[in-house]
Amino acid sequence: MKYEIAVVVGSLRRESLNRRLADALVQLAPSDFILTQVSIADLPLYNQDDDDHPSAAVKKLKAALAAAQGLLFVTPEYNRSIPGVLKNALDHASRPYGQNAWAGKPAGVLGVSVGAIGTALAQQHLRGMLAYLDVPTLGQPEAYIHHKEGLFDASGKLGDQSSKFLRGWMEVYVDWVKNHQDRDPSAAEGGPAKG
Ligand SMILES: Cc1cc2nc3c(=O)[nH]c(=O)nc-3n(C[C@H](O)[C@H](O)[C@H](O)COP(=O)(O)O)c2cc1C
């Protein structure tokens, strides 16, 4: 069996460190895990009036999530939370009511920032939102990555130490995603608020 993993990068920046990290994770994944970045750059600002006629970009995002067995969020921290573009994507794919495309997909959460706490607060906020969206998140190991000398080498590849840490992270994530495949999200009671 192949496992499709939808990778959501929370930065639109051309030289994004988080996208570079997401690219590096692709190299660390086993051959039965296909990691593909989903596009959130072309999503309009979420407006509930559009729920009945979603744009092509929204449909494309939701289709990619529907086809995925797992999720990987790689995000910067903006002002001690997640970037607005990531929140916008979370909102889009959570609606219309009853059609939450994130539900039940096991997710890994990582992030790199230039700040010393390495996206810890952004990840904490993201985990809270994901819990509401019925997305189970891998608790350990945590991956709060502080961008400093040696994280990436001159060619943009992961340095030795970071590569070793993330290889270990990937091994745990892979086992955990496989263990979640039998879960049926429709069995859960309740769900995101109506209206
Ligand atoms: C609007 C804005 C807010 C930021 N707030 C934080 C912050 O709260 N914590 C932090 O560690 N870094 C913060 N940064 C710095 C980011 O960590 C840094 O720009 C990082 O490179 C962004 O990720 P990216 O390279 O993937 O785009 C902020 C940057 C911007 C542009």
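Just so you know, these numbers come straight off a predicted model, no measurement behind them. Both counts, for ligands and for their atoms, begin at 1 and track the order of listing. Sequential numbering from 1 along the given sequence is applied to the chain's residues.
In this structure, Y3 and F33 have parallel ring planes: the angle between them is below the 30° cut-off, well short of the 60° mark. Between W176 and Y173, the angle of the ring planes lies from 30° to 60°, which puts this pair in the tilted group.
Ring centroid separation for the pair W102 and Y132 does not come in under the 6.0 Å cut-off.
Under a hydrophobic clustering in which Ile, Leu, Val, Met, Phe, Trp and Tyr are joined whenever their side-chain heavy atoms come within less than 4.5 Å, directly or via other members, L21 and F165 fall into the same cluster.
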Item checked: side-chain contact (heavy atoms from CB on, under 4.5 Å) assessment of T75 paired with S11 -> CA-CA 7 Å; T75 186; S11 172; over 6 Å; no
One line per pair, note the atom names and distance for all nitrogen or oxygen contacts under 3.5 Å between ligand 1 and the protein.
{"unit_1": "ligand 1", "atom_1": "5 (N)", "unit_2": "E77", "atom_2": "O", "d": "3.3"}
{"unit_1": "ligand 1", "atom_1": "5 (N)", "unit_2": "N79", "atom_2": "N", "d": "2.8"}
{"unit_1": "ligand 1", "atom_1": "8 (O)", "unit_2": "E77", "atom_2": "OE2", "d": "3.4"}
{"unit_1": "ligand 1", "atom_1": "8 (O)", "unit_2": "N79", "atom_2": "N", "d": "3.1"}
{"unit_1": "ligand 1", "atom_1": "8 (O)", "unit_2": "R80", "atom_2": "N", "d": "2.8"}
{"unit_1": "ligand 1", "atom_1": "9 (N)", "unit_2": "E77", "atom_2": "OE2", "d": "2.8"}
{"unit_1": "ligand 1", "atom_1": "9 (N)", "unit_2": "R80", "atom_2": "NH1", "d": "3.1"}
{"unit_1": "ligand 1", "atom_1": "11 (O)", "unit_2": "S113", "atom_2": "OG", "d": "2.9"}
{"unit_1": "ligand 1", "atom_1": "11 (O)", "unit_2": "G115", "atom_2": "N", "d": "3.4"}
{"unit_1": "ligand 1", "atom_1": "17 (O)", "unit_2": "V114", "atom_2": "N", "d": "3.3"}
{"unit_1": "ligand 1", "atom_1": "23 (O)", "unit_2": "N18", "atom_2": "ND2", "d": "3.3"}
{"unit_1": "ligand 1", "atom_1": "25 (O)", "unit_2": "R13", "atom_2": "NE", "d": "3.3"}
{"unit_1": "ligand 1", "atom_1": "25 (O)", "unit_2": "R13", "atom_2": "NH2", "d": "2.7"}
{"unit_1": "ligand 1", "atom_1": "25 (O)", "unit_2": "L17", "atom_2": "N", "d": "2.8"}
{"unit_1": "ligand 1", "atom_1": "26 (O)", "unit_2": "S16", "atom_2": "OG", "d": "2.6"}
{"unit_1": "ligand 1", "atom_1": "26 (O)", "unit_2": "L17", "atom_2": "N", "d": "3.3"}
{"unit_1": "ligand 1", "atom_1": "26 (O)", "unit_2": "N18", "atom_2": "N", "d": "3.0"}
{"unit_1": "ligand 1", "atom_1": "26 (O)", "unit_2": "N18", "atom_2": "ND2", "d": "2.8"}
{"unit_1": "ligand 1", "atom_1": "27 (O)", "unit_2": "S11", "atom_2": "OG", "d": "2.7"}
{"unit_1": "ligand 1", "atom_1": "27 (O)", "unit_2": "R13", "atom_2": "NE", "d": "3.0"}

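Not a single ring pair (Phe, Tyr, Trp, His ring centres under 6.0 Å) links F152 to another residue, sequence neighbours left out.
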